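See structure below.
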Amino acid sequence: MRIGFIGLGNMGAPMARNLAAAGHDVTGFDVTGVALEGVASAASAGEAAAGRDAVITMLPDGAILARVYEEITATGERGAIFLDCSTVDVGAARTASARATAAGLRPLDAPVSGGVGGATAGTLTFMVGGDGAAFEAARPLFEVMGSRAVHCGGAGAGQAAKICNNMILGVSMIGVCEAFALADKLGLDRHALFDVVSTSSGSCWSVNAYCPAPGVGPTSPADKDYQPGFAADLMLKDLRLSQQAAAEVDADTPLGAAAAELYRRFVEEEDGSGRDFSAMLPRLAGRGRGAD
Ligand code: NAD
C-alpha cells in the first residue's frame, strides 16, 4: 500500500520502519524534520497524506490531531483509510472521524498498547473504533505493526477502550505498590508476597507481568532502576483522559480520580517525571501515613 505516516516519534518511527520493511511504500512527515531509512520524507503533513491508500497519524494529543486533520483531510484521496493511532480524548477522536468522513475518507481511531518495545517488535495491540469495513481494509497494516487488533465499535470506541484499560492499570498498579509497601512495614518478605499474590485472587498484570519490586517476579522496569517502560507521565496523561471522559458522561470513577491525582503529584511535584509508572512503589515505601 502507499502509506503516509505523520508523527515519527518514539512510537511512530518504529511503526513506520516496520511498514517499510514489510514492503509498503511509506512516506513520512514529522515537524522535527526527522528522516528514516527506507521511508521517503514529505515536506508537510498535507503532502504526506496526498495520493495515499492509507494515512497513519501517531501524535502527542487531541489538539495537535485536530490541526493535522484539518490539513490532511483536505489533501487525502477519497476512500483512503485514515488511521489515527495516537492516544487522544474520545471527543477529539469523534471530531476527527466526522471531519474525515465528511471529506470522503475512511477514519479509524486505533490507539495502541505495548509501548516502544511493542512498536519496535511489531507486537502492538490495537483498540479500534470506526466502520467495520474500514477495519477489515486496515487489517494488513495491523498485522505488520501489531499482533492483535480488536474492533471495539463505532468512532471513538478505540479511545474509550484504551482509557478504560489504562484506568484499571493505573489503579491496579497503585494498589499493588501499596501492598508491597505495607508488606515491608509488616516484615513480610517481598518474594513471599509475590509468590502468594501472583497465584491468588490479588493477581493481576501489575503483579504477575510487571512487578514493581526490583528482583521479584519476571524482569520489569523495576530491575532497571525504573527506567520506562511506560513512563509515569504517560500514565498521568491517560488517567487525565479517563477523568475528562468520565466528567463528560457523568460517570462516577472515584479510584480513577484518586489515581490521577496521585500520578499528578508524583510527576509534577515529586521525582516521577521520566520514571516508569511502577516507581510508585519506592515513593509509597518511603513514606508514612502522615505524609501529604
Ligand atoms: P513522541 O512525542 O515521541 O512522538 C510524537 C511525534 O509527533 C513527535 O516526533 C513530534 O515531533 C510529532 N509531531 C508533533 N506535532 C506534529 C505535527 N503537527 N505534525 C507532524 N508531527 C508532529 O510520542 P510517542 O511516545 O511516540 O507517543 C505518540 C502517541 O502514542 C501519544 O498519543 C502517546 O500517548 C501514545 N502512546 C505512547 C506509548 C509509549 O509508550 N510511548 C504507548 C502507547 C501509546
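Remember, it's 1-based here, ligands and their atoms both numbered in the order they're listed. Just so you know, these numbers come straight off a predicted model, no measurement behind them.
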- Query: Is atom 2 (O) of ligand 1 less than 4.0 angstrom from some protein heavy atom?
  - Reply: no
- Task: Return yes or no for this condition: an N or O of K237 is under 3.5 Å from an N or O of ligand 1.
- Result: yes
- Message: Does ligand 1 come near enough to N10 that some N or O of the ligand is less than 3.5 Å from an N or O of the residue?
- Response: yes
Ligand 1 versus [X]: contacting region, heavy-atom distance under 4.0 Å:
| X | result |
| --- | --- |
| I6 | side chain |
| V34 | neither |
| D61 | neither |

- Task: Output yes when a side-chain donor or acceptor of R94 lies under 3.5 Å from a complementary backbone atom of A155, and no otherwise.
- Result: yes
- Message: Please say yes or no: joined through hydrophobic side-chain contacts below 4.5 Å, possibly via intermediate residues, are F82 and M127 part of one cluster?
- Response: no
Can you tell me the protein heavy atom closest to [atom] and the distance?
| atom | result |
| --- | --- |
| atom 31 (C) of ligand 1 | L59 O, 3.3 Å |
| atom 24 (P) of ligand 1 | M11 CG, 3.8 Å |
| atom 4 (O) of ligand 1 | G9 CA, 3.3 Å |
| atom 8 (C) of ligand 1 | D30 OD2, 3.4 Å |

- Message: Any carboxylate oxygen within less than 4.0 angstrom of a Lys/Arg side-chain nitrogen, looking at E261 and R264?
- Response: yes
- Message: Checking side-chain contact (heavy atoms from CB on, under 4.5 Å) between F5 and each of L19, L36, V55, D30, which is the one that passes?
- Response: L19
- Per side-chain contact (heavy atoms from CB on, under 4.5 Å), L83 is matched among I56, T57, D109 by I56
- Note on the structure: Candidates I72, T87, L241; heavy atom nearest atom 36 (N) of ligand 1 found on T87
- With respect to atom 7 (O) of ligand 1, which of G115, G28, P60 exhibits the smallest heavy-atom separation? P60
- Task: Run the contact test for A45 against ligand 1 with a 4.0 Å cut-off on heavy atoms, strictly below, and give the result.
- Result: no
